[in-house]
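So the structure is just underneath, and the comments pick up after that.
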Amino acid sequence: MLKVLVGALALMVIGTSAHAEPTTPITYNAGTTATRFTGLAFDTCTAPTLAQMTAWKASPYKAVGIYFGGVNRTCAQPQLTPAWVNAVTAMGWRLVPIYLGLQAPCGTRKYRMSTTASNREAVREADDAVAKAKALGLLPGSGLYNDMENYDNTNAVCRSAVLHYLSAWTKELHLQRYLSGVYANLSSGAPDLAAAYNSPSYARPDALWIARWDNSSVLTGWAGVPNTFWAVGQRGKQYRGDHTETYGGVTLNIDNDRFDAPVASVAYSYTVRTTIHSYSGPSTAYPVRSTIAANAGVRLVCQTFGPKIGTSAVWDKLIDGTYVTDYYVRTPSKPGYSAPLPGCSFPFQTTISGLSRRHGPGASYAAYPSTLPAGSLAWVTCQQAGSKVGTTAVWDRLSDGSYVTDYYVATASNTTYTAPIRRC
């Protein structure tokens with residue numbers, strides 16, 4: 001009974017403020033998805049050539065960091081074109097977009113933020129990052145990482161400027177429909193962000209990528225950053241600095257990284273085997289939106305589940321937000337999902353600690369042993385009706401198959417469904 005009363009009190013307290021700092025709203029385009037990468041990655045100053053990336057498919061790495069913009073970016077990027085992005089992602093590589101913008105006022109880089117106008121500067125840089133990401137074909141729903149190098153965080157004025165800058169960066173990226181990531185040193189930016197994690201004065205980034213060159217790739221146990229912060233597909237670690245490695249006869253100078261976090265989302269090109277329809281949702285029960293001729297090209301952003309057609313229950317989402325059955329698309333795997341296409345999901349931050357994950361869409365379903373801390377990313381795959389909590393009967397199915405009430409997830413509404421999330 002006490003738990004029920006506490007929950008009811010929490011409903012009254014946060015019901016009208018779930019979208020204020022530290023959690024800020026994000027909406028998504030219909031023809032997009034977010035992409036979660038879990039595994040080893042590397043980053044290098046200049047993006048490798050296609051031949052080098054082909055050779056490095058023999059490496060243990062499955063993602064690469066790309067410096068796609070920012071006034072403090074120093075390396076030339078002759079490879080970073082839409083054609084390079086298409087070719088590399090078609091090979092199966094995930095991309096970690098890195099923006100090296102203005103640095104701390106007390107930092108050592110050439111271009112630094114103002115101590116009094118860092119908010120406005122961050123908005124300008126976030127808009128620039130979005131424009132550059134779109135020019136490369138990185139879709140809304142992508143995680144864009146602001147590279148905040150080490151600084152003296154004992155300097156209170158400097159620390160305040162950085163926190164305001166990263167807060168404004170996050171809010172502007174959310175307005176532009178992108179996820180906010182921050183790369184920060186474990187001795188400065190990371191603990192400062194952790195100290196402000198639940199502060200109503202700052203918007204919380206969606207993901208934290210730390211630099212700590214201790215040769216340990218573990219994504220927990222970071223000094224000054226509790227494990228309950230950025231806890232669900234929201235962490236990366238650069239655990240080894242500049243050194244060379246060789247794969248496929250190609251040597252590169254790299255940093256080592258491990259991720260379980262949002263990365264870039266892109267469209268993948270395939271063709272259809274026969275004339276088919278696209279639908280407004282992943283089923284033939286939805287309205288027909290277009291007819292696609294046999295052997296025509298389609299651009300897919302993700303895959304999801306739906307009624308079985310032929311031998312496959314997989315449905316493909318197109319870049320225009322419509323769906324086609326995967327059975328008639330020349331993706332590599334049948335009847336299952338096809339790499340490198342991600343599963344369709346839209347992540348939103350949670351607004352309370354201890355959010356129960358349940359086996360079905362209602363409070364009467366059994367709860368999983370673990371709950372979601374505040375600020376976790378709820379990777380929502382679909383929504384459906386269930387028992388009412390607060391002001392909504394909508395429940396979110398997460399990518400792990402569990403359900404949470406939408407009332408405590410920072411979707412666009414806490415009363416009804418949120419577009420463009422599909423129905424379960």
Y403/W395 aromatic ring centres below 6.0 Å: no
Quiz item: cation-pi between R204 and F229, 6.0 Å / 45°: no
Note: D255-R240 ion pair, threshold 4.0 Å (strictly below): no
Full working for side-chain hydrogen bond (donor to acceptor under 3.5 Å, both in side chains) between S370 and R357: CA-CA 7 Å; S370 63; R357 298 162 49 246; 2.8 Å; yes
W56 ring center near F42 ring center (under 6.0 Å): yes
cation_pi(R124, Y165) dist<6.0 Å, angle<=45: no
Y145 ring center within less than 6.0 Å of W209 ring center: yes
Ring centre gap for Y99 and W169 strictly below 6.0 Å: yes
Under-4.0 Å salt bridge between D326 and K334: yes
D127 and K132 ion-paired at < 4.0 Å: no
Any donor-acceptor N/O pair, Y183 side chain to L100 backbone, under 3.5 Å: no
Aromatic plane relationship, H359 with Y368 - under 30° parallel, 30 to 60° tilted, over 60° perpendicular: parallel
Stepwise side-chain hydrogen bond (donor to acceptor under 3.5 Å, both in side chains) test for E172 and H174: CA-CA 5 Å; E172 185 64 14; H174 282 183; over 6 Å; no
Within the 6.0 Å centroid threshold, strictly below: Y279 and Y323: no
Ring center gap for W230 and Y197 short of 6.0 angstrom: yes
